[in-house]
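Any value given below was found using the heavy atoms of this structure, including those in side chains, with hydrogens, waters and symmetry copies removed. Quick caveat: nothing in here was measured; it's all calculated off a predicted structure.
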Number of protein chains: 2
Amino acid sequence: MRYLLVEDNDQLANAVLDRLTLDGHVVDRAPDLGTADDFIATTEYDMILLDIMLPDGDGRQFLQAHRTAQRNTPVIVLTARSEVSDRVSVLDLGADDYIVKPFDFSELEARCRAVQRRRSGGASNLHKYGDVVFDPLACTLTVNGREVRLRNRELRLFEIFIAAPDQVFSKSKLVDRLFSYDVDASENAIEVYVGRLRKHLEGAQAQIVTVRGLGYRLSLS
Amino acid sequence: MRYLLVEDNDQLANAVLDRLTLDGHVVDRAPDLGTADDFIATTEYDMILLDIMLPDGDGRQFLQAHRTAQRNTPVIVLTARSEVSDRVSVLDLGADDYIVKPFDFSELEARCRAVQRRRSGGASNLHKYGDVVFDPLACTLTVNGREVRLRNRELRLFEIFIAAPDQVFSKSKLVDRLFSYDVDASENAIEVYVGRLRKHLEGAQAQIVTVRGLGYRLSLS
DNA sequence: CCCAAGCTGACACAAACCTGACACGGAGCA
DNA sequence: TGCTCCGTGTCAGGTTTGTGTCAGCTTGGG
């Protein structure tokens with residue numbers, strides 16, 4: 001997937017860029033609308049992440065021009081909490097979704113996926129692995145028939161694992177993906193959450209295995 | 001949602017059955033028209049998936065009988081590519097949609113949803129969930145016999161929930177769907193309305209449960 | 001046997017949530 | 001215009017609970 005990230009804040013831009021790149025996407029970054037226009041003219045993107053307040057104008061102008069030009073690349077708007085009233089008008093202008101800063105990366109990823117899903121005809125997306133089924137819409141985890149109630153963070157963490165089973169995630173990577181860029185939690189938090197998830201997975205084939213010195217991975221016992 | 005699947009091919013039937021069950025639906029399977037008639041006589045379905053070529057007759061006979069008997073359960077016909085000319089006549093006979101084998105499950109799901117949507121936009125559309133019946137036209141909610149009149153906002157909110165039971169809706173999403181763009185209500189308003197709906201749902205199986213940090217969902221207790 | 005890495009029960013805190021009360025404003029009416 | 005009624009959204013405060021840290025423990029590699 002090819003992303004265009006239009007954002008003037010370097011710190012945030014780099015964080016998002018790192019995250020999406022890590023996920024295997026290609027990301028171009030434009031710090032202002034002018035650059036964004038140049039990118040758009042030459043490249044076809046799968047998704048545009050658009051900030052509202054930019055040095056050379058308002059992201060909504062860009063959005064409006066984008067839609068009136070009949071381009072239909074999905075757009076997700078990144079908006080600050082103070083711009084609350086904008087959030088809705090932005091949908092009117094043709095944005096596919098918006099996300100309020102500061103946001104967790106996992107939430108950004110979830111919204112990107114949701115938008116893509118909606119675009120491609122709205123297939124349901126249950127994740128299955130061994131005897132566990134994860135339903136991101138209902139926010140539930142089913143372990144061989146028994147439905148387990150997950151809390152917010154547990155859910156987000158498990159989502160990461162089940163999206164790429166058998167892949168090893170380092171604790172630092174998990175911290176990055178689980179927490180927003182302005183929060184820094186210790187890696188011990190990850191250990192704690194893995195512990196909690198393990199409790200929920202008791203009796204299941206699917207288990208979170210620790211790979212000493214490297215991280216954790218979801219795999220079948 | 002309760003499905004009746006009329007299909008003689010075991011392999012296909014099982015695949016569809018598994019998928020729909022995973023999605024949380026209840027599915028009965030009939031391998032022929034005789035069995036299907038038996039099921040229909042005893043159970044009320046939300047959707048019928050109907051094969052054309054069946055060991056004891058033609059699915060179109062079934063469809064025609066179904067419609068002349070004034071039953072209005074939606075029907076989606078599963079047809080093979082060779083039966084192209086049938087596809088049209090099938091709609092004439094009262095099918096709501098058709099899908100050509102082999103099909104993707106996600107496409108099947110999408111069409112089921114589309115048909116349901118179309119249905120609920122139309123004339124009589126009572127939503128039932130557990131022991132509550134919701135009539136959006138009469139603005140009433142019937143909780144095991146007791147009829148409750150809902151106010152405007154309560155109605156619109158409940159409509160969202162019952163259209164997708166078990167799905168978690170975040171407060172911000174609900175604010176978006178409930179309020180027009182020029183009104184910016186706080187998320188607390190949602191909490192208040194959920195509280196009011198809960199009062200109305202007292203004693204019912206169906207409950208609005210809060211998923212802390214994520215939102216609310218309608219589900220059976 | 002030692003040290004680093006990982007695990008976990010307990011805990012304190014802040015965010016999330018709930019709810020009774022209230023103020024606002026439009027509709028209907030005299 | 002003045003009045004009441006009713007639906008609505010906000011607010012304040014009280015309550016619940018998710019969450020991250022810590023300390024002390026266990027485990028495993030060298």
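Between the CD atom of A:Glu191 and the C1' atom of D:dT19 there is a distance of 15 Å, rounded to whole Å. The CZ-P distance, from A:Phe179 to D:dG18, rounds to 16 Å in whole Å. Note: CD1 (B:Ile190) to C1' (C:dC17) measures 14 Å, nearest angstrom. The nearest whole Å value for the distance from the CD atom in B:Glu187 to the P atom in D:dC11 is 14 Å. Rounded to whole angstrom, the span from the CG atom of B:Leu150 across to the P atom of D:dG7 amounts to 12 Å.
In this structure, the side chains of B:Leu218 and B:Phe158 come closer than 4.5 Å at one or more pairs of heavy atoms. Side chains of A:Arg177 and A:Glu109 form a contact here, defined as non-hydrogen atoms less than 4.5 Å apart. At a threshold of 4.5 Å between non-hydrogen side-chain atoms, the residues B:Leu201 and B:Leu141 count as touching. Side-chain atoms of B:Val75 and B:His66, non-hydrogen and from C-beta on, do get closer than 4.5 Å to each other. In this structure, B:Leu4 and B:Asp28 have side chains that are in contact, with non-hydrogen atoms separated by less than 4.5 Å.
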query: Would A:Asp32 and A:Thr35 satisfy side-chain hydrogen bond (donor to acceptor under 3.5 Å, both in side chains), going step by step from the backbone distance to the final call?
result: CA-CA 6 Å; A:Asp32 51 56; A:Thr35 321; 2.6 Å; yes

- request: Please assess A:Val194 against A:Ile190 for the test side chain to side chain contact (heavy atoms under 4.5 Å, CB included), listing each intermediate value before the final yes or no.
  value: CA-CA 6 Å; A:Val194 167; A:Ile190 300 297; 4.2 Å; yes

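A:Ser186 has no side-chain polar atom (N or O) that falls below the 4.0 Å cut-off from OP1 or OP2 of D:dG20.
Of the residues in residues 152-169 of chain A, A:Asn152, A:Arg153 come within less than 4.0 Å of DNA chain D through at least one heavy atom, sorted by number. Scanning residues 197-221 of chain A for heavy-atom distances under 4.0 Å to DNA chain D yields A:Arg212.
If one axis is set at each end of the helix from C:dC1-D:dG30 to C:dA30-D:dT1 from five pairs, those axes are 30° apart, to 10°.
Residue side chain B:Asn188 reaches the base of D:dC11 through a donor-acceptor N/O pair under 3.5 Å, judged by distance alone.
Within 6.0 Å of atom CZ in B:Arg146, more than 12 heavy atoms from other residues, nucleotides or ligands are found, so the atom counts as buried in its surroundings.
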Set out, line by line, the N/O atom pairs under 3.5 Å between protein and nucleotides 10-14 of chain C.
none

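Within the structure, side-chain hydrogen bond (donor to acceptor under 3.5 Å, both in side chains) contacts touching residues 209-221 of chain B (residues at least two apart or in different chains) do not occur. Within the structure, the salt bridge (charged side-chain N to carboxylate O under 4.0 Å, His left out) test picks out no pair touching residues 192-207 of chain B (sequence neighbours left out).
The CD1 atom of B:Ile162 lies 14.0 Å from the CD atom of B:Gln167; values are rounded to the nearest 0.5 Å.
For A:Phe169 and A:Phe161, the ring centers are positioned less than 6.0 Å apart.
Panel note: side chain A:Asp131, backbone A:Asn144; no donor-acceptor pair is recorded below 3.5 Å.
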